[in-house]
Amino acid sequence: MIAKDSGPGRARVVVIATGKGGAGKTTAAACLAVYWARRKRKVALVDADPNQTLARWHARGDVLKELPLTAEHSSDAVLPAIEALAAQGGVVVVDCAGFTSQAMLFAIGVADLVLIPAMTDEANIFEAARTMKLVQNAATLTRRQIEARVLLCRVKRSAVATHAREQMSVLGLPVMMAQLGDRVAFQEASFFGTAPSVLQPLGAASRDITQVGEELDGLLWPRPALRGKGT
Ligand SMILES: Nc1ncnc2c1ncn2[C@@H]1O[C@H](COP(=O)(O)OP(=O)(O)OP(=O)(O)O)[C@@H](O)[C@H]1O
Ligand SMILES: [Mg+2]
């Protein structure tokens, strides 16, 4: 169960993090933000990467531009920035840098869900496992459970994805069922400040994001268990 300690009205904080550069963090952050905004959720973005890739994507206009973005990567300021946005409700999407930093650790410390993008190679899986250790340490520090899921990104062949899933299962990593294929539409979207769901609503990239978003919805806003008849 996620977000047990979220107060009523507090946002779900989704932190997208891995120590591996180029795994697909910013792409997932931008596309999921658009996914939730189009489902009428209040969405705020935090770019916690000094490279400011998400902030540039955002500045290009179109749908992403309509969402508030705070660019804050200093370890002193990132936590107050996330907390101020979280108090306003909805969902706060935090895009972290592609290396382990104090800012990343602080963000993970207040996350309702840590999403760990990983491509289907050994180095990405190794780094996903390290990021998961960081999540576990943050959970110990904050004395609460912090949910985390690995998201397979840029999947080229299903056979490789299957092998990657087996490897992660051996390492005890929780992996999302949904995954993002290696699709040009994700790269195109970054040029236009938008997402595949806007550029090509019926395309494969749009479908991928919808599946990832729906799986995350089930984790972030779980439905109350149905009661049996007569209970
Ligand atoms: N599913 C995908 N299909 C095709 N290209 C992708 C996909 N996801 C990401 N890319 C491309 O891979 C590159 C790296 O992606 P992205 O910037 O999202 O990764 P990142 O983890 O945020 O990187 P960094 O660590 O540098 O911040 C970009 O050129 C992006 O367009
Ligand atoms: Mg990035």
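Ligands are counted one by one from 1 in listed order, and the atoms in each one are counted from 1 as well. What's counted below: heavy atoms across the whole structure, side chains too, no hydrogens, waters or symmetry copies.
- Atom numbering of ligand 1 starts at 1 in the shown order; those under 4.0 Å from a heavy atom of Gly98 are 25 (O).
- The only option from Leu180, Thr27, Thr120 that meets the side-chain contact (heavy atoms from CB on, under 4.5 Å) definition with Cys153 turns out to be Leu180.
- Among protein heavy atoms, atom 19 (O) of ligand 1 sits closest to Gly24 N, 3.1 Å.
- The number of protein N, O or S atoms lying under 2.8 Å from the Mg ion (ligand 2) is 1.
- Contact between Ala29 and Leu54 at its shortest, heavy atoms only, is CB-CD2, 4.4 Å.
- Assignment of Thr53 to the shell around ligand 1 is not supported, since no heavy atom sits closer than 4.0 Å.
- Of the N or O atoms in Cys153, none lie within a sub-3.5 Å distance of an N or O in ligand 1.
- Rounded to the nearest 0.5 angstrom, Leu113 CG and Leu115 CG are separated by 6.0 Å.
- Closest non-hydrogen pair, His58 versus Pro68, comes out as NE2-C, 4.5 Å.
- Between atom CD of residue Glu166 and atom CG of residue Leu171 there is a gap of 12.0 Å, rounded to the nearest 0.5 Å.
- Put simply, part of Ala23 is less than 4.0 Å from ligand 1, judged by heavy atoms.
- Atoms of ligand 1 lying under 4.0 Å from any heavy atom of Gly181, numbered from 1 in the order shown and given with element: 1 (N), 2 (C), 3 (N).
- Of all the atoms in ligand 1, the ones that sit under 4.0 Å from a non-hydrogen atom of Gly21 are 25 (O).
- Considering only non-hydrogen atoms, atom 9 (C) of ligand 1 lies nearest to Thr27 out of Thr27, Asp182, Val155, Ile209.
- Here the shortest heavy-atom distance to atom 13 (C) of ligand 1, taken over Lys156, Met119, Gln187, Arg154, belongs to Arg154.
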Going through the distances and angles, do Gln179 and Arg165 end up as a side chain to side chain donor-acceptor pair (under 3.5 Å)? CA-CA 11 Å; Gln179 62 190 30; Arg165 285 178 182 279; 2.9 Å; yes
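- Between Thr70 and Ala81, the shortest heavy-atom distance links the atoms CG2-CB, 4.1 Å.
- Judged by distance alone, the side chain of Arg10 and the main-chain N or O of Ala86 form no donor-acceptor pair under 3.5 Å.
- Distance screen at 4.0 Å: atom 28 (C) of ligand 1 has no protein heavy-atom neighbour inside the cut-off.
- A donor-acceptor contact shorter than 3.5 Å is absent between the side chain of Asp62 and the backbone of Phe192.
- How far CG of Asp121 is from CD of Glu127: 11.0 Å, rounded to the nearest 0.5 Å.
- The ligand atoms of ligand 1 that sit less than 4.0 angstrom from a heavy atom of Asp49 are 27 (O).
- With rounding to the nearest 0.5 angstrom, the CG atom of Leu151 is 8.5 Å from the CD atom of Glu215.
- Shortest contact from atom 3 (N) of ligand 1 to any protein heavy atom: Arg183 N, 2.9 Å.
- For the pair Arg41 and Trp221, the distance from NZ or CZ to the six-membered ring centre is under 6.0 Å and the angle to the ring normal is within 45 degrees.
- In this structure, CD1 on Ile209 lies 9.0 Å from CH2 on Trp36, to the nearest 0.5 angstrom.
- No heavy atom of Ala30 sits closer than 4.0 Å to any atom of ligand 1.
- The distance criterion of under 3.5 Å between nitrogen or oxygen atoms is not met by Ala28 with respect to ligand 1.
- Atoms CG and CD1, from Asn137 and Ile108 in turn, are 10.0 Å apart once rounded to the nearest 0.5 Å.
- Here the side chain of Lys25 pairs a donor or acceptor atom with the backbone of Lys20 at under 3.5 angstrom.
- Atom 17 (O) of ligand 1 has as its closest protein heavy atom Thr26 CB, 4.0 Å.
- Polar contact check, Lys25 against ligand 1: a nitrogen or oxygen pair lies under 3.5 Å apart.
- The shortest N or O to N or O distance between Gly22 and ligand 1 is under 3.5 Å.
- Considering backbone and side-chain atoms alike, Leu180 places every N or O at 3.5 Å or more from each N or O of ligand 1.
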